Structure formats: C-alpha cells, structure tokens
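Data first, discussion second: the structure below is written as structure tokens.
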Amino acid sequence: MPPASFEQASPYKLAVFISGTGSNMQAIHHAILDGTLTNTELALVVSNKADALGLDYARQHLIPTFTLDAKEFDSPEDYDQVLLTELNALNIDFIALAGYLKILTPILTTAYEGRITNIHPSLLPAYGGKNMFGAKVHASVLANGEHFTGCTVHVVTDDIDSGPVLGQRTVPVLAEDTVERLAQRVQAEEHELYPAVLDSFINQAQPVSSIENY
Ligand code: GRF
C-alpha cells in the first residue's frame with residue numbers, strides 16, 4: 001500500500017479498466033486535468049475488448065492502453081496473471097473499474113487488496129450481484145416501482161458488488177422514466193461521484209469504512 005501523504009513527490013499511478021464507452025474513465029481523466037482529482041496520473045487504460053470505444057479517447061489523449069482477449073487464455077487466472085505483470089511493470093498503485101465487464105480473480109484482488117474500486121449504477125446493496133449490470137439494473141428498478149435509485153463506488157473484494165461502500169449519490173425515479181433516461185441521469189451522477197471518491201480514497205483523506213454522500 002502506498003504511504004499516505006499530501007506531499008507525494010510523484011503522483012499515484014491509476015489504471016482504469018473498461019469494456020465499453022469509458023465515459024467514467026473520461027470523467028476521471030477530466031478531473032485529473034482540472035485538478036480536482038489530485039496526486040493522480042491516469043497511467044493506463046485496460047480493456048478486455050479491443051473495440052471498446054473508450055480506447056479511442058485514451059489513444060487520442062496519449063494515455064497508454066493495454067487490451068487482452070480472454071479467448072486467448074486457458075483460464076481467467078492466466079488472464080489476470082498477464083494483466084498483473086503489466087500493472088507491476090508500470091508500477092500501478094490503484095485500479096478503478098469503470099464498466100469493466102469481467103470478474104477479477106484473486107490473482108488481482110489479492111495483489112491489489114484494498115486498492116481496487118468499482119462504480120455500480122444502483123444504491124448497493126440493492127440491485128447488485130453477479131448478473132446485475134448495465135440496463136438490467138435500471139430495468140429492475142423500474143419494474144419494482146422504486147422511487148429512488150442512484151450509484152455507488154465501493155472497494156472491490158472477491159464478493160461481487162459487496163466490498164465497503166465509499167460513496168453514493170441518490171437519483172429520483174420519475175414517472176416518465178425509461179431505462180435509457182434513467183441510465184442517463186444515473187450516469188451524470190456517476191461522472192461527478194467517481195472522481196470525488198477517488199480523490200479521497202487515493203489520498204486517504206477518509207477511512208475506507210465511512211460512507212459519504214458526495
Ligand atoms: C456505468 O454505468 C457503471 O455504473 C457501470 O458500467 C457503466 C460504464 O459506463 N459499472 P462507461 O463505460 O463508464 O460509459
């Protein structure tokens with residue numbers, strides 16, 4: 001674990017893992033550029049999909065990228081071992097999962113224990129777990145007639161969507177909401193929440209166990 005210090009000489013190196021659009025990765029990058037996510041360098045964007053849209057943004061902004069196709073590996077552990085070797089080679093300090101649709105194995109969760117975060121489009125523990133991701137989350141929220149939903153940033157452990165919660169934002173569900181409209185409003189909150197939580201988490205300004213509403 002890197003030492004906590006406000007006088008960190010060189011910024012902490014963050015790797016963001018994506019599988020798709022990468023809008024949260026872009027929000028994190030913007031926050032680094034505008035100085036609201038401090039002491040942090042976006043040192044690597046990892047994708048398990050070679051055609052992930054977010055990779056285009058990373059390349060345009062000269063952020064190093066690393067893609068690995070799971071089909072080339074015998075097991076998820078072999079896959080994560082190659083990833084870990086790359087992360088170590090680049091001295092990556094923290095990992096932020098942002099729409100990464102692949103479950104991490106203990107190879108990574110152990111090596112980076114307490115240093116991996118994820119963003120989830122619901123108020124965990126509600127609407128979390130193995131098959132709860134993307135549009136499915138919002139469709140379930142609407143089907144159940146919920147009045148509120150939101151998004152959660154949490155520490156990643158081997159139990160999916162169950163690690164300590166670092167921050168949440170609440171979003172009201174409106175009568176006229178569709179899955180797409182609700183997803184859009186939740187994502188707008190994600191883009192503010194994730195960089196703010198990462199700033200606290202990476203710089204250890206708050207204990208991991210305290211939940212903040214940013
Ligand atoms: C986000 O809505 C996040 O909550 C979920 O996956 C989505 C990723 O979107 N884990 P993007 O790739 O950051 O645009």
Side-chain angles (χ1 to χ4, degrees), residues 14-33 37 40 42 44-61 63 65-68 94-104 108-109 116-142 146 148-173 177-198 201 211-214:
L14 174 69
V16 178
F17 286 21
I18 65 169
S19 298
T21 315
S23 66
N24 279 284
M25 175 271 292
Q26 294 178 39
I28 289 166
H29 187 231
H30 292 158
I32 291 171
L33 295 180
L37 172 44
T40 304
L42 180 44
L44 185 66
V45 172
V46 170
S47 178
N48 62 327
K49 304 276 179 202
D51 59 354
L53 264 182
L55 290 170
D56 295 340
Y57 173 92
R59 292 186 187 114
Q60 280 159 18
H61 291 80
I63 302 163
T65 60
F66 189 69
T67 62
L68 271 185
F94 292 93
I95 296 170
L97 307 183
Y100 183 63
L101 297 177
K102 193 169 187 314
I103 294 167
L104 302 189
L108 281 178
T109 56
I116 310 175
T117 54
N118 180 45
I119 186 145
H120 186 81
S122 75
L123 294 172
L124 290 175
Y127 302 99
K130 194 155 190 265
N131 292 310
M132 248 328 155
F133 59 88
K136 281 185 207 168
V137 175
H138 306 299
S140 304
V141 165
L142 290 176
E146 302 283 6
F148 289 95
T149 184
C151 49
T152 302
V153 177
H154 64 95
V155 178
V156 171
T157 63
D158 289 324
D159 289 331
I160 297 169
D161 295 334
S162 300
V165 171
L166 298 170
Q168 293 185 310
R169 281 267 184 104
T170 302
V171 174
V173 178
D177 264 338
T178 59
V179 167
E180 292 72 26
R181 291 175 71 160
L182 186 55
Q184 218 169 26
R185 290 207 319 287
V186 170
Q187 268 220 332
E189 297 298 329
E190 291 181 7
H191 296 160
E192 292 183 7
L193 177 71
Y194 210 177
V197 170
L198 282 174
F201 184 66
I211 301 171
E212 294 285 338
N213 275 301
Y214 284 84

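Just the heavy atoms: all of them, side chains too, but no hydrogens, waters or symmetry mates, feed the values below. Since the structure is predicted, the reported quantities are computational estimates derived from the model, not experimental observations. Order of listing sets the numbers, starting from 1, for every ligand and every atom in it.
- Using modelled atom types and a 3.5 Å distance limit, the side chains of His138 and Thr149 yield no donor-acceptor pair.
- Contact of the Lys102 side chain with the Ser19 side chain is not registered, since no non-hydrogen atoms from C-beta on lie closer than 4.5 Å.
- Panel note: side chain Arg185, backbone Val173; no donor-acceptor pair is recorded below 3.5 Å.
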Atom pairs and distances, side-chain donor-acceptor, residues 122-137, under 3.5 Å, sequence neighbours left out:
unit_1	atom_1	unit_2	atom_2	d
Ser122	OG	His120	NE2	3.4
Ser122	OG	Ala126	O	2.6
Ser122	OG	Tyr127	O	3.3
Tyr127	OH	Asn144	ND2	2.7
Tyr127	OH	Glu146	OE2	2.5

Note every protein N or O atom lying under 3.5 Å from an N or O atom of ligand 1, pairing the names and giving the distance.
unit_1	atom_1	unit_2	atom_2	d
ligand 1	2 (O)	Gln187	NE2	3.2
ligand 1	2 (O)	Glu190	OE1	3.1
ligand 1	2 (O)	Glu190	OE2	3.1
ligand 1	4 (O)	Pro121	N	3.4
ligand 1	4 (O)	Glu190	OE1	3.2
ligand 1	4 (O)	Glu190	OE2	2.7
ligand 1	9 (O)	Gln187	NE2	2.9
ligand 1	10 (N)	Ile119	O	2.9
ligand 1	12 (O)	Gly22	N	2.8
ligand 1	13 (O)	Ser23	N	3.2
ligand 1	13 (O)	Ser23	OG	3.4
ligand 1	13 (O)	Asn24	N	2.9
ligand 1	13 (O)	Asn24	ND2	2.9
ligand 1	14 (O)	Ser23	N	2.9
ligand 1	14 (O)	Ser23	OG	2.5
ligand 1	14 (O)	Gln187	NE2	3.4

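- Qualifying side-chain hydrogen bond (donor to acceptor under 3.5 Å, both in side chains) partners for Asp158, counting only residues two or more places apart in sequence or in other chains: Thr109.
- Residues satisfying the salt bridge (charged side-chain N to carboxylate O under 4.0 Å, His left out) criterion with Asp161, sequence neighbours excluded, are absent altogether.
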